[in-house]
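Please read these numbers as outputs of a predicted model, since none were measured by experiment.
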Number of protein chains: 2
Amino acid sequence: MPTTATPEKTPADESTAPSATGIERLQSARVASDIQFLIARARGRGNSHANLMLAELDLKVRHFSVLSLVCTEERPTQRELGEFLDLDPSQIVALVDSLEERGAVRRETDPRDRRSKIVVPTESGHDLHEQAAALTRESEETVLQTLSPRERRQLRALLQKVAF
Amino acid sequence: MPTTATPEKTPADESTAPSATGIERLQSARVASDIQFLIARARGRGNSHANLMLAELDLKVRHFSVLSLVCTEERPTQRELGEFLDLDPSQIVALVDSLEERGAVRRETDPRDRRSKIVVPTESGHDLHEQAAALTRESEETVLQTLSPRERRQLRALLQKVAF
DNA sequence: TATTGTTATACTCTATAACTATA
DNA sequence: TATAGTTATAGAGTATAACAATA
């Protein structure tokens, strides 16, 4: 998907050619300054880039998210994973299934409430998480390369206020 | 991490109760400070909220985006729409089809390149866009209510750097 | 030959409801 | 009765390839 590599384009005659890249011209649209739109576009680009990076580990971002939550000391239940990730229970089942099949996590019945399943990482799950975390860090670095470290901290702080 | 409106919570007995809402506990996960993750979560929430608002007009955000680009003076072709929205040509076809069926836009063959179709709004298309724009503004207001006006401007500026 | 739009198709993601086992 | 997880299924979103008309 060579969306990038826009080679220098001869400006041509402005009066006859309405061209430009097209991208620049359309910045005047109302939607182009719509924060929701910008968020959607940023997530699309970031998500596909991260998925591309994680493909090396046969993971997708959504699996990584689950793995990352599981690799804390918090011992989350499936319900809690779903709540945090804004995914419904059936989606969590599928994600945990695939992580369990490859031996990265296992389900433990919560002794305090035998309906709940706590998802815990295996040793290789921890390893996998470390590798994946390195890749997503790298991906974030690429996607946010137009931002200074200070701007990234700002962005993170602002998004945290919006996301939760 | 004092994220947002986290109401004072009685810490309870740490040794027996691992509970809390679940959301707060899991903030310690690596993924919770991952900008990509925060963007994804913000877009999920915002997108569904905006879709809910736009349902009143029988529109979705993706249709609104197209309509908004078309309602500029730039007379974009389908290809340009796809480029700007990061959607592939076949998706644009479907979106323009549905907008055309309801009489909001029509296709004009570009006289300079008869392969291209310029998508232009009808009068009722302009009306629809105005109504939809008001709703998305309202939606943005709701979703970003935890941010001050200054923070919103910051967020917009940062996202514009990332999104394009 | 290459590109724009179109159609067809398949695959992923998302949403919903019904079922089970516990509470 | 209500809740956590599971299963099944359908719908929306996304990606790809082949084709017609035009360049």
Side-chain angles (χ1 to χ4, degrees), chain A residues 1-3 9 17 19 22 40-41 43-52 54-55 58-66 75-101 105-119, chain B residues 19 21-22 40-41 43-52 54-55 58-66 75-101 105-119:
Chain A
M1 45 175 88
T3 319
K9 202 136 198 173
S19 38
R41 199 174 202 276
R43 102 94 209 190
R45 300 178 87 75
N47 202 54
S48 46
H49 186 273
N51 274 335
L52 223 60
L54 289 175
D58 194 27
L59 274 181
K60 303 214 167 170
V61 287
R62 70 197 347 248
H63 298 87
F64 167 68
S65 303
V66 170
R75 297 175 56 80
T77 64
Q78 293 190 187
R79 162 147 289 280
E80 290 173 317
L81 293 173
E83 201 183 332
F84 196 86
L85 298 173
D86 240 352
L87 297 176
D88 78 56
S90 65
Q91 294 182 61
I92 298 295
V93 168
L95 290 169
V96 172
D97 277 353
S98 85
L99 287 172
E100 192 171 44
E101 278 163 26
V105 305
R106 63 174 194 280
R107 290 166 158 101
E108 288 181 4
T109 300
D110 186 342
R112 268 181 304 259
D113 181 344
R114 297 181 42 76
R115 290 173 303 181
S116 298
K117 303 270 176 70
I118 297 170
V119 185
Chain B
S19 40
T21 324
R41 200 175 201 275
R43 102 96 207 187
R45 300 179 86 75
N47 201 55
S48 46
H49 187 272
N51 274 335
L52 223 60
L54 289 174
D58 195 27
L59 274 180
K60 303 217 167 169
V61 287
R62 68 196 351 245
H63 299 87
F64 167 68
S65 304
V66 169
R75 296 175 56 79
T77 64
Q78 292 191 187
R79 163 147 290 280
E80 290 173 318
L81 293 174
E83 203 184 330
F84 196 86
L85 297 174
D86 242 353
L87 297 176
D88 78 56
S90 65
Q91 293 183 63
I92 298 295
V93 169
L95 290 169
V96 172
D97 277 354
S98 86
L99 288 172
E100 193 171 42
E101 277 163 27
V105 305
R106 64 173 193 280
R107 290 165 158 101
E108 288 181 5
T109 300
D110 186 342
R112 268 181 306 258
D113 182 343
R114 297 179 44 75
R115 289 173 304 181
S116 297
K117 304 269 178 68
I118 297 171
V119 185

Checklist entry - Which nucleotides of nucleotides 9-18 of chain C have their base under 4.0 Å from a protein heavy atom (B), which only their sugar-phosphate (S), and which neither (-), written as one string 5' to 3'? => result ----SSBB--

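- Take E100(A) and apply the salt bridge (Lys or Arg N to Asp or Glu O under 4.0 Å) test, not counting sequence neighbours, and it matches R107(A).
- When rounded to the nearest whole Å, the span between CZ of R79(A) and C1' of dT6(D) equals 13 Å.
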Taking N or O atoms only and anything under 3.5 Å, show me the protein contacts with nucleotides 21-23 of chain D, one pair per line.
unit_1	atom_1	unit_2	atom_2	d
dA23(D)	OP1	R114(B)	N	2.8

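- The nearest whole Å value for the distance from the CD atom in E83(A) to the C1' atom in dT3(D) is 13 Å.
- Heavy atoms only, all atoms of each residue included: E80(A) and R75(A) are closest at OE1-O, 4.2 Å.
- Annotation: the span from D86(A) atom CG to R43(B) atom CZ amounts to 11.0 Å, rounded to 0.5 Å.
- Minimum atom distance to the side chain of S116(B) is reached by dT4(C), of the listed dT6(C), dT4(C), dG5(D).
- Taking both residues in full, the closest heavy atoms of V119(A) and Q78(A) are given as CG2-CG, 3.8 Å, listed atom of the first, atom of the second, then distance.
- We find the CD1-CZ distance between I118(B) and R106(B) to be 11.0 Å, quoted to the nearest 0.5 Å.
- To the nearest angstrom, C1' of dA8(D) lies 14 Å from CG of D97(A).
- A donor-acceptor distance shorter than 3.5 angstrom exists from the side chain of N51(B) to the backbone of V61(B), with no hydrogens or angles considered.
- For the residue pair V105(A) and V96(A), the shortest heavy atom distance occurs at CG2-O, 4.1 Å.
- Following rounding to the nearest Å, Q78(B) (CD) and dT3(C) (P) show an atom-to-atom distance of 18 Å.
- We find that CD of E101(B) is positioned 12 Å from P of dT6(C), with the value rounded to whole Å.
- In this structure, R114(B) and P111(B) approach most closely via the heavy-atom pair CG-O, 4.4 Å.
- Between the CG atom of L95(B) and the P atom of dA15(D) there is a distance of 14 Å, given to the nearest Å.
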